[in-house]
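Down below is the structure, laid out as C-alpha cells.
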2 protein chains.
Amino acid sequence: MEYIRSQNSLDEYFKNTQFKDYFGFDIQPYTSIVRFDPDDIILEEGDRPGRLYYMFSGRAKLLITHKNGTVSLINFLEAPCFIGEMELLDRDKPAYGVTAISTCLCFSIDIAACRSKLLNDVTFLQHLCYFLSDKALGDAYNYSKNQSYPLKVKLASFILLTENNGLYRERHAEAAGFLGVTYRHLLYVLAEFVKDGILRKTPAGYKIVELEQLKELAELE
Amino acid sequence: MEYIRSQNSLDEYFKNTQFKDYFGFDIQPYTSIVRFDPDDIILEEGDRPGRLYYMFSGRAKLLITHKNGTVSLINFLEAPCFIGEMELLDRDKPAYGVTAISTCLCFSIDIAACRSKLLNDVTFLQHLCYFLSDKALGDAYNYSKNQSYPLKVKLASFILLTENNGLYRERHAEAAGFLGVTYRHLLYVLAEFVKDGILRKTPAGYKIVELEQLKELAELE
DNA sequence: AAAATAGTATGAGATTTCTCACATAAATAT
DNA sequence: ATATTTATGTGAGAAATCTCATACTATTTT
C-alpha cells in the first residue's frame, strides 16, 4: 500500500468523483488517497483497521478464514464501493478480509478522527444504506443467475474478474471453492482452455491468449 | 394482509422486540402491525408502497420479473429484517417484489408520515446499515458454501425454507431457476424423495412425511 | 367447445462433474 | 538436508445433471 501524497492529485480526485457529495460535512480534511497493488491486503481479518475506504477504482476480493484454517473466497468488490463499513458501525472486528485484485485506488478516511461525525451524518448514512441495499440486490441477482451455467462459462467470468495484466493466478483450491466445483474438475476445464489455446501456462500463471474467446464464453451467462 | 388492531397486542409486541430501540424517536405513533398470510404480496414490484416493514416473525421471498415476463426467485428474507428500505431511501420504485412464504408479522411504518424523521434519524440509519451489511455478508457466505452440494441436499434446504404447514408447493420452474438446475432434474430428485418416502404427492402439493430425513439432508451443507 | 397456454411429467442418451487413487513439484519446518 | 506439508497434476469409472423429445393435465382465451 502506498499513500498518494501530492495535494494536487487529492484535489483532482475530489473534483472528479462524487465522493464528497456522500457527506454532509467537509470530508476532505479526514481523507487521504491510498493505492493498493495487486495482492495487497486492504482489510486484515480480525484487525481493527481504523479506516473506512471508498474504492473509486479497482477490484478486490472478500475472504473468510474458517476455524480449520482454510480460506474461502466469498465475494468480489468492485469500484465504486465502500470497504470496512462494518468496523465503523462498530461491533467487533471484521470477520473477513479484503485483498486487492487489481491496483485499487481508495479514499481512506481516518475513522478515529471523525467517527462520531460520520455516525451522525445522515447524508453519509443514507448513501451507505443505499450502496449496501443496492449491492445486496445485485449480488443476489447475480448469484441466482450465475449458478446455472457449466463451469466453462463460470470459469471464463471468474478469470476475467480475477485476472491482472492478462495473467490468471488464483489458488486452485480457492477458485474451486468459490465456483462450487471440485478441484479436479477445475483443473480439467483449465486444461481444456489451454488445449483450446485460450490460456497458456507459464511459470508466472495462466496467460490469457484469447481474451475475446473468454469474453464470449463469459457473456453467455 | 390484515391489520392487527388491538392496542394491547401492539403494546405487547413493542415490549417484546427491540424494534423501538432501532429509532432515535418514538416510532410507535407511526407504526401498526400487519399480518401477511402465505402467498400474500408484501411488496408489489413496480409499486410505491409507502410502507417500511420490519418483519419480526415469518419468512418471505424476493422475486424479480424479467423483461420477457418470467419471474425469478432471487433470495429469501427471514425475520427479523427490514423490507422496503429502498423505497424509503428513494430512487424509483422497487425493482423487485416480496411475497410471504409463511405467516409474516410485521411492524408497518407509514413512510409518508415520518419519512423525513426516518431519513434524519442516525440511530435508525445506523441500524439499517448494520442489518444490510450483515445480511450481505451472510448471503455471500451462504451462497458460496451452498453451491457445492448435490441437488438432493440443496433441495432439502429449499423445501424446508419454502414449506408451509408441512406442504411444499413451489412452482417447479421457479425452484429450478433458483437452485440452478434444470426443470427435468428437479423433477427427477423430487420423484426420488417421493420414492424414498420423504415426500408424498397430494393434490394440494408435496406433503412432508419425513421431516427428520429432510433436515438431516439439509444439515449436510 | 375448441384452441392456445402454462404447468406437470417421464424416458433415454449425452455431457458435466465427482470420487478416489495416486504422482510430482514447491514451500516450510525440523 | 531432510522430513513434512501444501499445491499442482492426471487417469478412470461412477454419479449427477443436461438436452431433447414427447405426453398429459389444467387453466385461460377466443
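Quantities reported herein were computed from a predicted structural model and do not represent experimental measurements. Residue numbers start from 1 in every chain, and the chains themselves are labelled A, B, ... in the order their sequence lines are given, proteins ahead of strands.
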So do the side chains of L43(A) and Y53(A) get within less than 4.5 Å of each other, counting heavy atoms only? yes

Should L52(B) and E87(B) be marked as a side-chain contact (heavy atoms from CB on, under 4.5 Å) after you check the CA-CA gap, both sets of side-chain angles, and the distance that decides it? CA-CA 8 Å; L52(B) 172 68; E87(B) 146 74 6; over 6 Å; no

What I want to check is whether the side chains of Y143(B) and Q147(B) have a donor and an acceptor closer together than 3.5 Å. yes

Close N/O contacts between protein and nucleotides 8-18 of chain D (under 3.5 Å):
{"from": "dT8(D)", "atom 1": "OP2", "to": "H172(A)", "atom 2": "N", "distance (Å)": "3.4"}
{"from": "dT8(D)", "atom 1": "OP2", "to": "Y183(A)", "atom 2": "OH", "distance (Å)": "3.4"}
{"from": "dG9(D)", "atom 1": "OP1", "to": "K201(A)", "atom 2": "NZ", "distance (Å)": "2.6"}
{"from": "dG9(D)", "atom 1": "OP2", "to": "Y206(A)", "atom 2": "OH", "distance (Å)": "3.2"}
{"from": "dG9(D)", "atom 1": "O5'", "to": "K201(A)", "atom 2": "NZ", "distance (Å)": "3.1"}
{"from": "dG11(D)", "atom 1": "N7", "to": "R184(A)", "atom 2": "NE", "distance (Å)": "3.2"}
{"from": "dG11(D)", "atom 1": "N7", "to": "R184(A)", "atom 2": "NH2", "distance (Å)": "2.9"}
{"from": "dG11(D)", "atom 1": "O6", "to": "R184(A)", "atom 2": "NE", "distance (Å)": "2.7"}
{"from": "dT17(D)", "atom 1": "OP1", "to": "L151(B)", "atom 2": "N", "distance (Å)": "3.2"}
{"from": "dT17(D)", "atom 1": "OP2", "to": "L151(B)", "atom 2": "N", "distance (Å)": "3.3"}
{"from": "dT17(D)", "atom 1": "OP2", "to": "H185(B)", "atom 2": "NE2", "distance (Å)": "2.8"}
{"from": "dT17(D)", "atom 1": "O5'", "to": "H185(B)", "atom 2": "NE2", "distance (Å)": "3.1"}
{"from": "dC18(D)", "atom 1": "OP2", "to": "T182(B)", "atom 2": "N", "distance (Å)": "2.8"}
{"from": "dC18(D)", "atom 1": "OP2", "to": "T182(B)", "atom 2": "OG1", "distance (Å)": "2.8"}

Spacing of S157(A) atom OG and K215(A) atom NZ [to the nearest 0.5 Å]: 12.5 Å

Is any side-chain heavy atom of E78(B) closer than 4.5 Å to a side-chain heavy atom of L161(B)? yes

If I take atom CZ in residue R169(A) and atom P in nucleotide dA26(C), what distance separates them, rounded to the nearest angstrom? 15 Å

